[in-house]
Amino acid sequence: MRKIAISGGKGGTGKSTVAILFANQLIKKGKKIILCDCDVECPNDYLLLGQKLKNPVEKIYAEFPKLIKKKCKKCGLCAKTCRSNAIFQAPGQYPVFLKDLCSACGACWIVCPYGAIKEKKEETGQIYFNKVKSQESKVKNNFYLITGMAKAGIEETGPVVTEVKRFALNFAKKVKADYVLFDTAPGIHCPVISAIMDCDLVYTVTEPTPMGAHDLNLILDLCQKLKVSTKVILNQADLGDKRKIEKIAKNFKIKIEKEIPYSKKLVEAYSKGRLLNFNL
């Protein structure tokens, strides 16, 4: 089983399009594929595949800190321990927990010597499952879509991605999948890191624009630090100046694996949710 992430520093370069086209080609070869949408703040693979998200197969929970004032001695140890700076404490006052910054790591209640912090369980996301049919498939039931969706208002979505990825890998082992494709969020923040860690390969999707080049440099640098093998896919390759992309790829000693030209038919398939059956 190969684990491949489709990522890219910039949004709108065609990550999801490439992920589904890649699945499309593998399905035609009779491979069993799982596509895991790890862009949990704005998943859209299900739309491009003409699917609907109905009932979640699993809910994701995290434990956040809650203060018991009667036990709190205002020692400040919890605030000093928090690496996310999610605890504010003015001199002589009770600590205040900033949920938007909290990663639910649990360090604060572990370190508190007075037992003044207890865990409060809250739902942070859901996981959806779709069995997708393809007209091109040589084998029945060989393509599955797993979609992660963070609950609205959750700022730190890295833990949600981790749980969605865990679910996908466990299911992949159960059905003996050949490939698991992880469609990540754009950027280089924690949710992206969670998605690409431990993958065998990362395809970084970019476009021949100044912003595309700038953000390609960022994602390639991140993959290099994580020691993940990386290849570049240049989307809409014939619409701009690709020399900057080629220069960055050369600097990282990576070649451009594929160039996808602009296609009106591809745009139409994208807008109608029919990418899976598109003949590339």
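Everything numeric in this text was worked out from a predicted model, so none of it was measured.
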Practice problem: Classify the side-chain pair T157/E41 by whether it contains a donor and acceptor separated by less than 3.5 Å. | Solution: yes
Exercise. Test M1 against L169 for side chain to side chain contact (heavy atoms under 4.5 Å, CB included), laying out the working first.
Key: CA-CA 10 Å; M1 183 178 70; L169 290 173; 4.2 Å; yes
Practice problem: For the pair K231 (side chain) and L201 (backbone), establish whether a donor and an acceptor sit closer than 3.5 Å, ignoring hydrogens and angles. | Solution: no
Exercise. Check whether any side-chain N or O of D39 sits under 3.5 Å from a backbone N or O of N44 as a donor-acceptor pair, and report yes or no.
Key: no
Exercise. Indicate yes or no for a side-chain donor-acceptor contact from E163 to the backbone of K165 under 3.5 Å, with no hydrogens or angles considered.
Key: no
Practice problem: Check whether any side-chain heavy atom of S103 lies under 4.5 Å from a side-chain heavy atom of E156, and answer yes or no. | Solution: yes
Practice problem: Kindly indicate, with the supporting measurements, whether the criterion side chain to side chain contact (heavy atoms under 4.5 Å, CB included) is fulfilled by L35 and I146. | Solution: CA-CA 6 Å; L35 174 58; I146 293 171; over 6 Å; no
Quiz item: Do K3 and F182 come close enough that some side-chain heavy atom pair is under 4.5 Å?
Solution: yes
Quiz prompt | Heavy-atom pair with the smallest gap, counting every atom of A172 and V180 | solution = CB-CG2, 3.5 Å
Quiz item: Are I245 and I233 connected in the hydrophobic side-chain network, where two residues link if heavy atoms are under 4.5 Å apart?
Solution: no
Quiz item: For the atom pair CG (D200) and CZ (R2), what is the distance rounded to the nearest 0.5 Å?
Solution: 5.5 Å
Practice problem: Verify, without hydrogens or angle tests, whether D45 (side chain) and T147 (backbone) share a donor-acceptor contact under 3.5 angstrom. | Solution: no
Practice problem: Establish whether V232 and I6 are linked, either directly or via other cluster members, by ILVMFWY side-chain heavy-atom contacts under 4.5 Å. | Solution: no
Quiz prompt | Nearest atoms (heavy-atom pairs only) where P208 meets A237 | solution = CG-O, 4.1 Å
Quiz item: For the atom pair CG (L218) and CD1 (I188), what is the distance rounded to the nearest 0.5 Å?
Solution: 4.5 Å
Quiz prompt | Side chains of S229 and V202 in contact at under 4.5 Å (non-hydrogen atoms) | solution = no
Practice problem: Drop me the distance from C102's SG to E122's CD, to the nearest 0.5 angstrom. | Solution: 9.5 Å
Quiz item: In terms of heavy-atom contacts, does CZ of F88 have more than 12 from other residues, nucleotides or ligands at under 6.0 Å?
Solution: no
Practice problem: With the side chain counted from C-beta on, respond yes when L266 and L21 share a heavy-atom pair under 4.5 Å apart, and no when they do not. | Solution: yes
Quiz item: Does one hydrophobic cluster hold both V228 and L216, with members joined at side-chain heavy-atom distances below 4.5 Å?
Solution: yes
Quiz item: What do the steps show when you test C78 against I117 for side chain to side chain contact (heavy atoms under 4.5 Å, CB included), and what is the final call?
Solution: CA-CA 9 Å; C78 59; I117 303 172; 3.8 Å; yes
Quiz item: Would F129 and F171 count as a close aromatic pair, with their ring centres under 6.0 Å?
Solution: yes
Quiz prompt | Residue pairs involving residues 197-243 (criterion ring-ring contact (aromatic ring centres under 6.0 Å, His included); sequence neighbours excluded) | solution = F22-Y203
Exercise. For residues A195 and C199, report the shortest heavy-atom separation together with the two atoms involved.
Key: O-SG, 3.5 Å
Quiz item: When rounded to the nearest 0.5 angstrom, what distance separates CD in Q89 from CZ in F97?
Solution: 9.0 Å
Quiz prompt | Identified side chain to side chain contact (heavy atoms under 4.5 Å, CB included) counterpart of L145 within the set L49, I20, I33 | solution = L49
Would you list the atom pairs, donor with acceptor, under 3.5 Å between side chains in residues 53-75 and any protein atom, with sequence neighbours excluded?
from	atom 1	to	atom 2	distance (Å)
E58	OE2	R166	NH2	2.7
K74	NZ	G92	O	3.3

Exercise. Is it possible for you to say whether L226 and I248 belong to one hydrophobic cluster, with membership spreading through side-chain heavy-atom contacts below 4.5 Å?
Key: yes
Quiz item: If you look at every heavy atom in V161 and S194, which pair is closest and at what distance?
Solution: CG1-CB, 3.9 Å
Quiz item: Is there a donor-acceptor pair closer than 3.5 Å between any side-chain N or O of D238 and the backbone N or O of P261?
Solution: no
Quiz prompt | Closest non-hydrogen atom pair, C223 against I196 | solution = SG-CD1, 4.1 Å
Practice problem: Decide yes or no for N235 and T13: does some side-chain heavy atom of the first lie under 4.5 Å from some side-chain heavy atom of the second? | Solution: no
Quiz item: Can you name the residues that form a side-chain hydrogen bond (donor to acceptor under 3.5 Å, both in side chains) with E268, not counting sequence neighbours?
Solution: none
Practice problem: Check C108 against I87 and note the closest heavy-atom contact, atom names and distance. | Solution: CB-CD1, 3.8 Å
Exercise. Check whether any side-chain heavy atom of I34 sits under 4.5 Å from a side-chain heavy atom of V175, and report yes or no.
Key: yes
Quiz item: Would L47 end up clustered with F278 when hydrophobic side chains under 4.5 Å apart are linked, directly or stepwise?
Solution: yes
Quiz item: So which pairs with a foot in residues 215-224 pass side-chain hydrogen bond (donor to acceptor under 3.5 Å, both in side chains), sequence neighbours left out?
Solution: D221-K225
Quiz item: Side chains of K52 and Y46: does their closest heavy-atom pair fall under 4.5 Å?
Solution: no
Self-check item: All pairs passing side-chain hydrogen bond (donor to acceptor under 3.5 Å, both in side chains) where residues 168-190 contributes a residue, at least two apart
Solution: S7-T184, K15-D183, S16-D183
Quiz item: Hey, what do you get for CD (Q51) to CG (D37), rounding to the nearest 0.5 Å?
Solution: 12.5 Å
Practice problem: Check for a donor-acceptor pair, side chain of N142 on one end and backbone N or O of K31 on the other, with a separation under 3.5 Å. | Solution: yes
Exercise. Output, in order, the C-alpha distance, side-chain angles, deciding distance and verdict of side chain to side chain contact (heavy atoms under 4.5 Å, CB included) for N24 and L275.
Key: CA-CA 8 Å; N24 179 341; L275 275 182; over 6 Å; no
Would you be so kind as to tabulate the donor-acceptor pairs closer than 3.5 Å made by side chains of residues 250-260, with sequence neighbours excluded?
from	atom 1	to	atom 2	distance (Å)
N251	ND2	K247	O	3.4
E259	OE1	K242	NZ	3.0
E259	OE2	K242	NZ	3.1

Quiz item: Side chains of V132 and L276: does their closest heavy-atom pair fall under 4.5 Å?
Solution: yes
